[in-house]
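What follows is a short report on a single structure.
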Amino acid sequence: MKLFYHIGRYFIMLGHMLRKPEKSGMYWQEILRQMYDIGVGSLPIVAMISFFIGAVTSVQTAFQLLNSFIPDYYVGFIVRDSMLLELAPTITCLALAGKIGSNIASELGTMRITEQIDALEIMGVNTEGYLVGPKIMGAIIMVPFLIVIAAYLGMLGGYAAVAATDAVENPMYIKGLLVWFKPYYINFMVIKSVVFGFLITSISAYHGYYVKGGALEIGKASTKAVVYSSIAVLLADYVLAILLT
Amino acid sequence: MIRIENICKSFDGTQVLFDISASFERGKTNLIIGKSGSGKTVLVKTIIGLLPVDSGNVFYGDDNFTEMNFKQRKHIRMQIGMLFQGGALFDSLNVEKNIMFPLQMFTNLTLKEKLARVDECLDRVNLAGANKRNTGELSGGMRKRVGIARAIVMRPKYLFCDEPNSGLDPKTALVIDQLIKEITIDYDITTIINTHDMNSVMEIGENIIFLHNGHCAWRGNRKEVLRSDHEELESFIFASDFLKKARAAILAEK
Ligand SMILES: Nc1ncnc2c1ncn2[C@@H]1O[C@H](COP(=O)(O)OP(=O)(O)O)[C@@H](O)[C@H]1O
Ligand SMILES: [Mg+2]
């Protein structure tokens with residue numbers, strides 16, 4: 001029952017968010033700020049994670065294929081497709097759920113507890129619209145860029161790993177990256193990242209926006225934000241995989 | 001003027017406000033007093049619509065606020081300024097941007113006009129020149145002043161203050177009380193102040209309602225407080241022996 005209550009209130013929040021902005025200039029400014037926070041702020045962690053995942057995937061794959069009849073360039077091929085289809089969007093978004101999600105929930109939670117949200121409300125500001133909307137917009141715009149960078153760095157990481165270990169000859173790895181390329185995978189990846197960006201920010205905002213109590217509850221809310229947005233990302237990953245392939 | 005009629009409010013089955021009626025007058029400092037947890041904040045939040053009432057009506061002038069839709073309420077809210085207990089300043093913005101925020105959001109003034117208005121408000125709360133200070137580095141009293149400056153920047157008709165002098169030393173508390181009183185008179189607005197501070201009651205209590213466990217237990221002004229023989233009111237305001245004696249002395253003098 002509690003679940004339905006939360007889902008209902010989540011959609012009510014999203015509904016209120018769509019009310020007409022008081023002043024679009026202020027909203028744009030806020031969207032830009034969020035784009036910067038989410039995009040630039042998350043770039044280092046996304047870069048690091050994806051580079052190493054790419055490296056590990058290529059080393060593991062090369063090891064599996066050792067002494068088999070499967071040609072070496074399959075390593076590049078496997079790294080590319082697993083980065084594009086799964087690792088870049090999903091793993092990166094799980095990391096983003098941790099970073100952006102806890103950030104958003106604790107920022108909104110603090111604003112709630114210290115009555116800053118009430119203060120905005122009293123001024124006549126549509127608080128869902130002004131506080132939640134730009135975060136979701138910022139994520140929808142920036143997360144796809146992050147994911148594309150992640151996919152690229154993953155393949156680069158794979159290259160660095162094979163270059164360092166000479167398990168596979170470098171030109172073979174490159175050849176693998178280029179064979180049987182399906183442009184459709186890029187669309188798939190971008191669609192996923194838009195959906196994930198939306199889920200992470202909206203779910204985390206929900207947990208922060210409705211905090212009650214004190215500092216302890218802010219901590220709990222940001223944990224919940226991370227847990228539930230990660231679960232939502234994984235569920236959505238599954239659903240999209242069924243729908244889009 | 002603001003009038004409330006038969007306000008009832010409960011949370012998850014626990015009733016917090018019982019059938020409260022009152023009217024708050026323009027150009028006066030109207031006080032809602034009572035112990036912590038007596039329902040002052042909840043009452044104010046229902047008056048401004050941050051919390052829905054279970055039953056009862058709130059009138060701003062002649063308009064019934066409780067029956068308004070989102071858009072009509074917004075119109076009233078543009079005329080409300082509120083000082084929150086902790087100031088509720090936006091952490092991410094400096095003093096100037098905090099005060100300017102409502103202007104940015106709701107007016108089409110030029111930047112120069114907005115800055116002039118900010119300076120005027122800062123000056124009004126005796127904080128001229130504090131424009132670029134960070135909200136994090138302000139003292140309690142200064143936070144309240146900035147909160148007041150932000151509350152009056154839209155030139156409201158109604159001003160609400162939730163415990164304006166809680167957490168302040170007695171001297172600063174008096175200064176803030178005086179400031180609120182001056183602003184009320186200067187701008188001829190309806191001011192409603194929540195407080196549990198007996199100094200405020202004696203200094204600026206022009207029209208007082210006393211909440212006790214969510215009931216409106218007494219009403220009057222600061223002079224009547226001295227002479228009241230209402231048991232709960234007495235034990236709330238003249239809590240210490242010292243104050244009891246002081247009161248007796250004042251009454252004997254007259
Ligand atoms: N959002 C809420 N949910 C449930 N109970 C609340 C809420 N806000 C206040 N209360 C309860 O209402 C009572 C009055 O609180 P409040 O108005 O904050 O008192 P005060 O007079 O100190 O301002 C308290 O018992 C408090 O626990
Ligand atoms: Mg209170």
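Order of the sequence lines sets the chain letters (A, B, ...), proteins ahead of strands, with each chain counted from 1.
- For the set B:D91, B:I48, B:I80, the count of heavy-atom pairs under 4.5 angstrom toward chain A peaks at B:D91.
- Expressed to the nearest 0.5 Å, how far CG of B:L179 lies from CG of B:N126 amounts to 6.5 Å.
- The residue among B:G49, B:G147, B:A88, B:P156 with the most heavy atom pairs within less than 4.5 Å of chain A is B:A88.
- The structure places CG of B:L111 at 5.5 Å from CE of B:M100, a figure rounded to the nearest 0.5 Å.
- Looking at B:Q85, the atoms closer than 4.5 Å to chain A (heavy atoms on both sides) sit in the backbone and in the side chain alike.
- When each of B:Q104, B:M78, B:M82 is checked for heavy-atom pairs under 4.5 Å with chain A, B:Q104 comes out on top.
- Contact check on A:E22 versus B:K74 returns a salt bridge, with a Lys/Arg side-chain nitrogen under 4.0 Å from an Asp/Glu carboxylate oxygen.
- Interface residue B:R150: only side-chain heavy atoms are found under 4.5 Å from chain A.
- Using a 4.5 Å cut-off between heavy atoms, A:M123 touches chain B through backbone and side chain atoms alike.
- Between chain A and the residues B:G87, B:G86, B:P102, the most heavy-atom pairs under 4.5 angstrom are made by B:P102.
- No hydrogens or angles considered: a donor-acceptor pair under 3.5 Å links the side chains of A:E30 and A:Q34.
- With a 4.5 angstrom heavy-atom cutoff, B:F70 touches chain A only via side-chain atoms.
- Within the model, atoms CG of B:N57 and CD1 of B:I4 stand 10.5 Å from one another, a figure rounded to the nearest 0.5 Å.
- Taking A:I117, A:T114, A:I122 one by one and counting their heavy-atom pairs under 4.5 Å with chain B, the maximum is reached by A:I122.
- Between B:F101 and A:Y130, the ring centre distance stays below 6.0 Å.
- With a threshold of 4.5 angstrom between heavy atoms, B:L83 does not approach chain A through any atom at all.
- Annotation: maximal heavy-atom pairing with chain B below 4.5 Å, among A:T110, A:L120, A:N126, occurs at A:L120.
- Between the CD atom of B:Q72 and the CZ atom of B:F65 there is a distance of 10.5 Å, given to the nearest 0.5 Å.
- Looking only at atom types and distance, the side chain of B:N30 has a donor-acceptor partner in the side chain of B:N207 under 3.5 Å away.
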